[in-house]
Colleague: 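Okay, here's the structure, questions in a sec.
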Amino acid sequence: MIEKTRVIFFGTSAFAVPVLEALSAVADIRLVITRPDAPAGRGKNLQSSPIRARAESLNLNVLTPGPVNNSDFYKVIDNAQPEAAVLAAYGKILPLELLRIPAKGFLNVHPSLLPRHRGPSPISGAILAGDAQTGVTLILLDQEMDHGPVIAQRSITIEPHEHHPSLEQRLAMLAAEMLQSSLLPFLEGRITPQTQNHDQATFTKLLKRQDGLIDWSQEAATIAKQIRAYDPWPGTATQFHNQPLKILDGRAVDGQASEPAGTVINHLGQPAFVCGRGLLTHIMVQPANGKPMTAADFANGQRDFIGHRLG
RNA sequence: CGCGGGAUGGAGCAGUAGCAGCUCGCCGGGCUCAUAAUCCGGAGGUCGGGGGUGCAAAUCCCCCUCCCGCAA
């Protein structure tokens, strides 16, 4: 039996889980590096990363270092004698000294069609941009973010009303398939990485809670894309009676209204929100202490909802 | 012990001790070429569960279960 390639895996979020599983089938994973447990959720209990949970169930060695830019950590990595490393949604920038340790380099799974949507929120970036297609790119890491040469790339179609979670899940599956089919050919030298066309690079930024506050003066189409891109983080919300009101879904339609942007109006018997241009319809909301519901249901209990101007 | 809100007909909500209500939906009927229209009538609730106090509890006290917002 042939010895499997020794690799180290870096990853944190749920997107990385199928990738880890695929990797475990084709390589000898000596170490899994993920971010430390952190207080999270109601009650502020310590919570493991999805990768930590899955790696432990696969009986893999897991490390959860805080800072990774120190010689002690480099030594640990070096001692594992990795031929290559794979990184997927880890959440931290790795120092160049670390990238140099594995002889075959660090492979990075990035959920966009690089050089488009480099950076920390590529999936949201593709939805926000209104792209018809996105995909997964397997690259080698170099000193710049999402900048290295391309080993493999495949695209998929973004469905018309698709939200982030669905797209992320499909991209994760694609990423897992790609890693499984490309890793060995790359390590055996049968794939030559191709330099990216840096002139066409676009960049995404880290999403903050503030990004999820809806500006009703924007076009309905823009707001609808935000709703889909920011689900579930940071989410999209507005204010109603000084309470947050999450907007979970909505569709942009053409239409004019005399009311100012942010006003809730009756449109064909359903609540609709007036935007800078067009209307938002087919709305799902979630009030501060309630479950998700249609805007029509919400309006039944909040008699002043229609006609109210959201903030 | 991070902070906080909630559970009331099928859905969404009001109701701080004295006959359980509102909007929507549903069923039947009227009007109508038609409906996101409108009119008339009707069904549907042991008020999350258990215990306590009261002449009387959805409402006050104690315990339990479930759900959610903020924060990360």
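Below, read A as the first sequence line, B as the second, and so on, with proteins coming before strands; counting in each chain starts at 1.
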Colleague: Which base, if any, makes a Watson-Crick or G-U wobble pair with B:rG41, both distances under 3.5 Å?
Modeller: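 Pair assignment: B:rG41 / B:rC27.
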
Colleague: With rounding to the closest Å, how many angstrom separate the P atoms on B:rC64 and B:rG69?
Modeller: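 One P to the other, the span is 23 Å.
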
Colleague: What nucleic acid atoms does A:Ala38 come within less than 4.0 Å of, heavy atoms only: base, sugar-phosphate, or nothing?
Modeller: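 Nothing, no heavy atom under 4.0 Å.
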
Colleague: Given the P atoms of B:rU65 and B:rC24, what is the spacing between them in whole Å?
Modeller: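 Going atom to atom, P in each nucleotide, I get 39 Å.
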
Colleague: Please check if A:Ile247 and A:Phe305 belong to a single hydrophobic cluster, counting links between Ile, Leu, Val, Met, Phe, Trp and Tyr side chain heavy atoms closer than 4.5 Å.
Modeller: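 Yes, it is one cluster - the side chains of A:Ile247 and A:Phe305 are joined through contacts under 4.5 Å.
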
Colleague: For nucleotides B:rA58 and B:rC47, find the distance between their P atoms and express it as a whole number of Å.
Modeller: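 Each nucleotide's P atom is 7 Å from the other's.
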
Colleague: Output the single nucleotide from B:rA36, B:rC13, B:rG69 whose closest atom is nearest the side chain of A:Pro244.
Modeller: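 Of B:rA36, B:rC13, B:rG69, B:rG69 is nearest to the side chain of A:Pro244.
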
Colleague: Are the side chain of A:Asp231 and the backbone of A:His164 linked by a donor-acceptor contact shorter than 3.5 Å?
Modeller: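 Between the backbone of A:His164 and the side chain of A:Asp231 there is no qualifying donor-acceptor contact (under 3.5 Å).
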
Colleague: Could you please name the option among B:rA71, B:rC70, B:rC67 that lies closest to any side-chain atom of A:Lys44?
Modeller: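 Output: B:rA71.
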
Colleague: Please determine whether a side-chain nitrogen or oxygen atom of A:Arg209 lies at a distance below 4.0 Å from atom OP1 or OP2 of B:rA71.
Modeller: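 Yes, within the criterion.
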
Colleague: If you measure only the distance, is there a donor-acceptor pair under 3.5 Å linking the side chains of A:Asp249 and A:His161?
Modeller: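 Short answer, no.
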
Colleague: Side chain of A:Asn300, heavy atoms from C-beta onward: which of B:rG12, B:rA72, B:rC3 has the nearest atom to it?
Modeller: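 Out of B:rG12, B:rA72, B:rC3, the nucleotide with an atom closest to A:Asn300's side chain is B:rG12.
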
Colleague: Could you let me know what B:rA20 is paired to, Watson-Crick or G-U wobble, both distances under 3.5 Å, or none if it's on its own?
Modeller: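 The answer is none; no pair meets the criterion.
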
Colleague: Counting only non-hydrogen atoms, which of residues 223-242 of chain A are less than 4.0 Å from RNA chain B?
Modeller: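 The stretch gives none, as no residue of it lies under 4.0 Å from the strand.
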
Colleague: State the syn/anti category of B:rG6 according to its glycosidic angle, syn meaning within 90° of 0.
Modeller: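 Base orientation relative to the sugar is anti.
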
Colleague: Partner lookup for B:rG4, please. Criteria are Watson-Crick or G-U wobble with both distances under 3.5 angstrom; report none if nothing qualifies.
Modeller: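 B:rG4 is paired with B:rC68.
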
Colleague: Find the distance A:Asp297:CG to B:rC22:P and express it as a whole number of Å.
Modeller: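 After rounding, the reported distance stands at 19 Å.
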
Colleague: Reckon A:Gln286 touches a base, only the sugar-phosphate, or nothing at all at heavy-atom distances under 4.0 Å?
Modeller: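 Answer is sugar-phosphate: A:Gln286 comes under 4.0 Å of backbone atoms only.
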
Colleague: Searching all strands shown, indicate the nucleotide that pairs with B:rA34 (Watson-Crick or G-U wobble; both distances under 3.5 Å).
Modeller: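 In the structure as shown, B:rA34 has no Watson-Crick or wobble partner.
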
Colleague: Of the nucleotides B:rA72, B:rA36, B:rG4, which one has an atom closest to the side chain of A:Asn289?
Modeller: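 Minimum distance to the A:Asn289 side chain belongs to B:rG4.
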
Colleague: Taking the same atom, P, in B:rA7 and in B:rC61, what whole-Å distance lies between them?
Modeller: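 It comes out at 15 Å once rounded to the nearest Å.
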
Colleague: Distance between the C1' atoms of B:rA20 and B:rG45, in whole angstroms?
Modeller: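 Their C1' atoms lie roughly 8 Å apart.
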
